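Note sheet for the following structure.
Keep in mind that this is a model prediction, so the values were computed, not measured. Quick note on labels: first sequence line is chain A, next is B, and so on, each numbered from 1.
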There are 2 protein chains.
Amino acid sequence: MTRTIAQQAELALLLEVATTPKPGNVDRHRDHDDLRFEHFLAGAVGASEGLRDLADPDGPPIGVAFEQAVAGMSDQSGGNTQFGGLLLLAPLVRAAALGELTPERATTVAEGTGVEDAAGFYRAFEHVDVAVADPPDDMDALDVRRGSDAVPEIRERGLSLSDVLARSTDHDGIAREWTSGFERTFDAADQLVSRDGPLPDRAADVFLELLAADPDTFVAINHGEETAREVRGRAEAAREGDTDPETLADELVAEGINPGTTADMLAGGLFVALERGAEV
Amino acid sequence: MTRTIAQQAELALLLEVATTPKPGNVDRHRDHDDLRFEHFLAGAVGASEGLRDLADPDGPPIGVAFEQAVAGMSDQSGGNTQFGGLLLLAPLVRAAALGELTPERATTVAEGTGVEDAAGFYRAFEHVDVAVADPPDDMDALDVRRGSDAVPEIRERGLSLSDVLARSTDHDGIAREWTSGFERTFDAADQLVSRDGPLPDRAADVFLELLAADPDTFVAINHGEETAREVRGRAEAAREGDTDPETLADELVAEGINPGTTADMLAGGLFVALERGAEV
């Protein structure tokens, strides 16, 4: 008996939130005021039906299954828990259902999305408040905050989900993964698979490395680019042993700084690692 | 969108392990040496397919679905995580699928089990090592540790799962729930529903009350009746404020004393509470 692909994805979400320390994010030992550990547990469980559709090679378009996963995820009182994680998992899970999970296959899935996927993505924003960047002036009609009101425009322009995300790569690390071969996600998975010790401990190290490597785009959206760069530097100091990662975790939570995109990337990396045989 | 019955059961298992302090058990802040938090996450996710069958009113006999849940639960390296919790959830989940979740309906489901349920229960012991009491001398043929080897004897005697559990009520708190109207489980649910605050905090209080009320049968099996009574007394002292529950939790984990049956009962109570509208 082994876990199904959908179960692996759900477990990845659970292992992500359990990973500690994961500076700035809700983890096994830290909550934000209104966003707590149990909200992530309920979010992962609620997403499971949508994950099953993603894991069905003959299932609905991944953007439609993604919307279903987000709807289920939102059935808790904490708000947005795993929107970005699910957006990253969507092409990965479908790719795993179609064959060996490789960057190439995930990219093929991403590039194969169409208008229906984009419509599902826009509708997903109606289930939960997601912090997003302001769109460029000429793109108001495609502001994701318009939710399903933007769908006619999507259809008019014939935009795929891949097209939509390609317009967000400058301010969204998950969109960047979609359009650059999921490079950081698969790199994280390689690190997770190649090391020893309990998987959540490996995941804590990989999280810190991801955060030290690139400014978190969710921090940039909520607190500005300068803060995102500063947080990256503090993570690097922690990775190099100049600060205790536990201290950094306490500090960032106290400052209300939440590097959520990096946590989403860890969830994606954990899924790939589980699919490649990482054991719990 | 609301969670399915199977999702509620899975979430109950996750909320149970996240509840802290939960003296002696793995919780959000404590691990045992070889049995860690992530094993329970994987156990809950792995059980989900079996829980779906339990939540299907036209599904297989509950003992058969229970075996499937245990098989999935066992797909992690920590060993037995939620065997007792699943045994308690089995009739509760099926009852919820059949109508309003009441002690009466759960009892009807339990009493409606047959030989196939008993056979599934015995086979479930082949998936994972479960600490159990020695059977009485005249019941060697029905020792659960015989696994499927005992099934011919079960068929010969025409024993239902309810019959089998009725023979274990003196040393197994879950068997006692099956044969006494699930009284402690529904009482726990009433307490969980009627209080305020985050659900895991309410659950920590209810766990301590359960542990203070009756000696834990899993502790009795592993450490003897005397230790189980002593642990009950220490829980009562903590409940009355004479000891910090966090201290008791640290002590029991250090002593390797694991009141697992009480944790299983909390999982059952959390499921009933979620079905009755407790929010996360």
Practice task
Could you pull out the closest heavy-atom pair between B/Q7 and A/S48, with the gap in Å?
Solution key: NE2-OG, 2.8 Å

Exercise for the section: Mind listing the closest non-hydrogen atom pair of A/R3 and B/D75 along with its distance? Expected result: NH1-O, 2.7 Å

Problem - A/E49 vs B/T4 side-chain heavy atoms within contact, under 4.5 Å - result: yes

Practice task
Enumerate the residue pairs fulfilling ring-ring contact (aromatic ring centres under 6.0 Å, His included) with a member in residues 40-72 of chain B, sequence neighbours excluded, ordered by first and then second residue.
Solution key: B/F66-B/F83

Problem - Contacts with chain A made by residues 253-278 of chain B (heavy-atom distance under 4.5 Å), listed by residue number - result: none

Problem - Residues from residues 51-58 of chain B approaching chain A under 4.5 Å (heavy atoms) - result: B/R52

Handout entry: Partner chain B: residue of A/E38, A/Q76, A/H127 with the largest heavy-atom pair count (under 4.5 Å)
Key = A/E38

Practice task
Taking heavy atoms only and a threshold strictly under 4.5 Å, list by residue number the residues of residues 10-35 of chain A that touch chain B; give 'none' if the list is empty.
Solution key: A/E10, A/L11, A/L14, A/L15, A/A18, A/D27, A/R28, A/H29, A/R30, A/D31

Problem - Pair B/E279-A/S77, side-chain donor/acceptor within less than 3.5 Å - result: no

Problem - Candidate pair A/H39 and B/V280, rule side-chain contact (heavy atoms from CB on, under 4.5 Å), full reasoning - result: CA-CA 6 Å; A/H39 298 135; B/V280 175; 4.2 Å; yes

Practice task
Report, as yes or no, whether the 6.0 Å neighbourhood of atom CG on A/D149 holds more than 12 heavy atoms from other residues, nucleotides or ligands.
Solution key: yes

